[in-house]
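In what follows, a structure is listed as structure tokens, so that the remarks can point back to it.
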Number of protein chains: 2
Amino acid sequence: MTQRSTTRSTTRSATPGRRAGPEAAPTPLRPETRAEGFRQARHARRIELSEDYVELIGDLIRTVGEARQVDIAARLGVAQPTVAKMLKRLADEGLVLQRPYRGVFLTAAGEVLAERSRQRHRVVEAFLCALGVSAETARRDSEGIEHHVSDETLDAMRRFTARAGKASDGR
Amino acid sequence: MTQRSTTRSTTRSATPGRRAGPEAAPTPLRPETRAEGFRQARHARRIELSEDYVELIGDLIRTVGEARQVDIAARLGVAQPTVAKMLKRLADEGLVLQRPYRGVFLTAAGEVLAERSRQRHRVVEAFLCALGVSAETARRDSEGIEHHVSDETLDAMRRFTARAGKASDGR
DNA sequence: CCCGATTTATAGCAATGGCTATAAACAGTC
DNA sequence: GACTGTTTATAGCCATTGCTATAAATCGGG
Ligand SMILES: [Mn+2]
Ligand SMILES: [Mn+2]
Ligand SMILES: [Mn+2]
Ligand SMILES: [Mn+2]
């Protein structure tokens, strides 16, 4: 431990020389602490697609009666082979069941994930609307945001939306 | 156009048979419309890393004096070669400048992106706090959410945070 | 029962974002 | 100026997510 290395990278800012005054620079943050956020975001990115797929498949089955690759592709804005490959992966993961040329179906596990995802998506979208964002923007932004919202934040959003609804409602 | 195809996939739900009553099922949504959200999310995912890197590099330069690969890696929670490769890409994109064994620096373009990203990140994090989320959760969730927030939503967040601050403030 | 349109499947390609293992360059210390 | 530990660079490797082009399967009508 001769040069800078771990000392600076990890230990140094743990106990900063000057303690934070009121409203001072926000205390540099330990590297490990900072990494937590990035790790969480990377994890969310990894499962994002699965969530969007099962949610969309569930929607299609309910509204159209079946979920075909072409329809999934059209709604995701990707090419059909992209969907085919992804469905294979989802089948491997036990989230969907493919009946060739007869559409895709959700397994029990898929149904659970779909419902959880749909719920969260709805909360986020409704929240954005309650916050005063236009319906179009709420729809578009929520498609990405939903995957990065923890349960705690989701709860806060729910509370706010409910409050806002009560306030603007007749009562 | 004999079978189902485009008819169902694209045209069908454009003008649904039953017009939406008050608070009825939320009108199935045209496939193209739905695809917009997914496209926006995919786009955000593509530039997410660049944003996080330049923001972090700027932070390091300001607080530590220089941005070394090891320090970036520690804060992102990834391995150093991962950082090395990414920095090469960022250099190709004209966002950073590498002086071998002397740290990374931001180009003018990098500086601009970094500042914009940092700003947005701050707004989102402060907003989550104002919403009543714990500081830790706000820090972690904002790391992912920030990249999916449009200007319109960002504005709404700013307004809310300001309002909340005024409300709880002495006056 | 065969045709034509639609839908799926497959092959092959590329970019991205991770990793480990290892070599090379550098900076301080003696 | 050589040792030694730190930092960068490089060389593979792999998984993921997208694409195009093309072949195969299916289905509804005639
Ligand atoms: Mn969703
Ligand atoms: Mn989504
Ligand atoms: Mn950020
Ligand atoms: Mn981020």
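Letters A, B, ... are given to chains in the order of the sequence lines, protein chains preceding strands, and every chain is numbered from 1. Atoms considered below: every heavy atom in the structure, side chains included; atoms not considered: hydrogens, waters and symmetry mates.
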- prompt: Taking the side chain of A:Pro100 as its heavy atoms from C-beta onward, which of C:dA9, C:dA25, D:dC13 lies nearest to it?
  reply: C:dA9
query: Checking all strands, does B:Glu48 fall into the base, sugar-phosphate, or nothing category for heavy-atom contacts under 4.0 angstrom?
result: nothing
Side-chain ion pair, B:Arg34 and A:Glu143, N-O less than 4.0 Å: no
query: Where the side chain of B:Gln69 is defined as all heavy atoms beyond and including C-beta, which of D:dT20, D:dG18, D:dA9 is the nearest nucleotide?
result: D:dA9
message: Need one value for B:Arg99: base, sugar-phosphate or nothing, where a base atom within 4.0 Å counts as base even if backbone is also close, heavy atoms only.
response: nothing
Under 3.5 Å side-chain donor-acceptor pair for A:Gln40 and A:Glu36: no
- request: Looking only at side-chain atoms of B:Val70, point me to the closest of D:dT10, D:dG18, D:dT7.
  value: D:dT7
query: So which one's nearest nucleotide on DNA chain C is more toward 5', B:Ile47 or B:Pro81?
result: B:Ile47
task: Name the closest nucleotide to the A:Gln98 side chain, picking from C:dG18, C:dT20, C:dA9.
output: C:dA9
query: What's the CZ-P distance between A:Arg42 and D:dA15, to the nearest Å?
result: 19 Å
query: Between D:dC13 atom P and B:Lys85 atom NZ, what is the distance in whole Å?
result: 13 Å
- prompt: With respect to the phosphate group of C:dT8, does any side-chain polar atom (N or O) of A:Lys88 fall under 4.0 Å of OP1 or OP2?
  reply: no
- request: From the options B:Leu87, B:Val83, B:Val54, B:Ile61, select the one residue that forms a side-chain contact (heavy atoms from CB on, under 4.5 Å) with B:Val104.
  value: B:Leu87
message: Quick check against the 3.5 Å criterion: does B:Thr107 have a side-chain atom that pairs as donor or acceptor with the backbone of B:Gly94?
response: yes
task: Return the value, rounded to whole Å, for the distance between atom CD of B:Glu66 and atom P of C:dA27.
output: 11 Å
query: Given D:dG18, is OP1 or OP2 found less than 4.0 Å from the side-chain N or O atoms of B:Arg45?
result: yes
query: Would B:Glu66 and B:Arg102 pass as an ion pair if we require N to O under 4.0 Å?
result: no
Separation of C:dG18 C1' from A:Arg39 CZ (nearest whole Å): 13 Å
- prompt: Could one point to a donor on the side chain of B:Gln80 or the base of D:dA9 with an acceptor on the other under 3.5 Å away?
  reply: yes
field: Whole-Å gap separating P (C:dG18) and CG (B:Leu76)
entry: 8 Å
field: Protein-nucleotide distance (B:Ile72, atom CD1; D:dT6, atom P), rounded to Å
entry: 19 Å
- prompt: Are B:Asp52 and B:His147 close enough that a side-chain donor and a side-chain acceptor fall under 3.5 Å?
  reply: yes
- prompt: Starting at CE of A:Met86 and ending at C1' of D:dG18, how long is that distance when rounded to a whole Å?
  reply: 9 Å
Residue B:Arg102, side-chain heavy atoms: nucleotide from D:dT20, D:dC27, C:dA27 that is nearest: C:dA27
task: Measure from CG on A:Asp92 to C1' on D:dT16 and round the result to the nearest Å.
output: 14 Å
field: Among D:dG18, D:dT20, C:dT8, the nucleotide that comes nearest once only the side chain of A:Tyr101 is considered
entry: C:dT8
message: Given D:dC27, C:dA9, D:dT10, identify the nucleotide with an atom nearest to the side chain of B:Ala84.
response: D:dT10
- prompt: Are A:Arg46 and C:dG18 close enough that a side-chain N or O sits under 4.0 Å from OP1 or OP2?
  reply: no
